Amino acid sequence: MIARADLAIVGAGPAGLAAAIAARQVGVAAVVLDDNEQPGGQIYRQPPRGFSIDPATGIRDDQARGRRLLDDAARAGVSVRNGVAVWNAKPGALYCCQGDEAWTLQYETLILATGAYERPLPFPGWTLPGVFTSGGVQSLLKAQRIVAGKRVLLAGTGPLNLVVANQLADAGAQVLAVLELARPSVFDLLPMLAGRWELLAQGIGYVGRLAGRRIPIMRGWTIIEARGKEEVQSAVIAQVDDEWRPIPGSERVLEVDTVCLGFGLLPSTELSQLIGSEHRYAPELGGWIPVCDEYCETSMPGVFVAGDGAGIAGSLVALEEGRVAGLRAAMRLGRIDPKEFSAQAARSLARLRRLGRSRAVLDRISRPRPGLFERITPETVICRCEEVTASEVRKEIEDGATSLVELKARLRVGMGLCQGRICSSTLIELLAQGTGQRPEDVRPFSQRPPVKPIPVSALLALEEACHD
Ligand SMILES: Cc1cc2nc3c(=O)[nH]c(=O)nc-3n(C[C@H](O)[C@H](O)[C@H](O)COP(=O)(O)OP(=O)(O)OC[C@H]3O[C@@H](n4cnc5c(N)ncnc54)[C@H](O)[C@@H]3O)c2cc1C
């Protein structure tokens, strides 16, 4: 089946919803597709139908804010098609699948608001059951009201761990500590927070509530090993230096049944790469991001990126970028002229400039440092889908492999279910260390459809439709 849209939007998180609302307000009805069962994306993830949320939990605030955005969308006449995986993208066409049904959506303009995934970092024991990513634990809480464990340690860097620690404690878990790699001083943080009272109040709230519960935030500490037979039973933690290298002699062992790892996010760029738009390596993230202008338009005319999929900057930036992209797409479709675009987008563009300053500070504080990758031992699994260890990867590098593509051909890394989302940022570092290349010069994996798992029957249906 072939469907058509003036504007297609992939992702119904803050960026995609804001884009659809802005476009609708100037007369463009977008087709919004999202693979989750409910709209809202990550931060505004809604509970399944029939679930209610305990008013005492911090999750309720996010879900209530999300509800307001969804109500705005409904009032504007935006409808979201949920449960749809967009598994391939080409200039002018998206390939979609829902259950056994598959179809092609031809578009005039496209906004990719596909969000991010978490940056996993290997170290001994990180594949043991009970070791999660922090966002994964939060998704369980938000979507299913499941508390991942009883004695929980959080480790990594960035504000997400503070949020999740509070949410876990609200839900009844015993949170032992939040280990934060960075040691930002008040002077580091001030330029980020000055004038952003909402953010400041939120930050103070998270830290204050942890202090009230006597949950320590240990700055300059990290996890170096997870231990256990069948599942995690203890965590070895250590102090780190300014390059995040563990300081010998500082190790301690904590008994835990759950470890949450929050080492930052990486943009989901699979579709923007498949479509052929230009990307650049962002050292502050340790990953690739789409190149776009200040109006969110990529190197492919009429194709826009907004929100975390365009670079990690949080939900406020996602909302504003979505709005700008929605209006700009309407301009490209000829529904508003450049003057009207400038008038309507002015406030969002001004806010984005202000928010960009905070983003630069956070990026500097959380920039990945060499010590992160020095916890990896020869036996540490790097590609967990294909169970490939660091020593196997290093051997192939010594034998001449210089790119991710070559490692994939030799070791099958990146060929499993995650399609390289979990291992590629670590493999880039190992290649850079082993070959002397800069990470940005290491040739990344080539994207291949399907970017989401889909049933073979859906592919067959598409094939039959092509022959009809
Ligand atoms: C796991 C996780 C937890 C987070 N928790 C918090 C938090 O507690 N507080 C906070 O301030 N920030 C949090 N963030 C960051 C915050 O979610 C983002 O800054 C914000 O939601 C970005 O909005 P977005 O619209 O760009 O993307 P998202 O909200 O991530 O929405 C993107 C949507 O696109 C969909 N999608 C992606 N690819 C496809 C495809 N191929 N086909 C169909 N649909 C697709 C996704 O399923 C998702 O629903 C979290 C991020 C992650 C990854």
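Only a predicted model underlies this, so the values are computations on that prediction, with no experimental measurement involved.
Every residue two or more places apart in sequence or in another chain that forms a side chain to side chain contact (heavy atoms under 4.5 Å, CB included) with A113 is listed here: A15. Applying the side chain to side chain contact (heavy atoms under 4.5 Å, CB included) test to S277 and every residue at least two apart in sequence or in another chain returns S272, I275, H279, T298, S299, M300.
Atoms CD1 and CG, on I312 and L266 in that order, are 6.5 Å from each other to the nearest 0.5 Å.
Sequence neighbours left out, the pairs with a member in residues 411-433 that pass side chain to side chain donor-acceptor pair (under 3.5 Å) are E270-R421, E386-R412. Within the structure, side chain to side chain donor-acceptor pair (under 3.5 Å) pairs that include any residue of residues 230-242 comprise R183-D242 (at least two apart or interchain). The side chain to side chain donor-acceptor pair (under 3.5 Å) pairs that include a residue from residues 243-268 are R245-E374, where partners are two or more places apart or lie in different chains.
Within the 4.5 Å cutoff, no side-chain heavy atoms of P450 are placed close to those of N88. Between L70 and Y44 there is no side-chain heavy-atom pair separated by less than 4.5 Å. At a threshold of 4.5 Å between non-hydrogen side-chain atoms, the residues L430 and L407 do not count as touching.
Exactly one of Q138, R119, E118 qualifies for a side chain to side chain donor-acceptor pair (under 3.5 Å) with T133. That residue is E118.
Between R67 and D71, at least one side-chain N (NZ, or NE/NH1/NH2) sits under 4.0 Å from a carboxylate O, which counts as a salt bridge.
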Do any side-chain atoms of residues 280-295 form donor-acceptor pairs under 3.5 angstrom with protein atoms, and if so which ones, sequence neighbours left out?
| from | atom 1 | to | atom 2 | distance (Å) |
| --- | --- | --- | --- | --- |
| D293 | OD1 | Y295 | N | 2.8 |
| D293 | OD1 | C296 | N | 3.1 |
| D293 | OD1 | E297 | N | 3.0 |

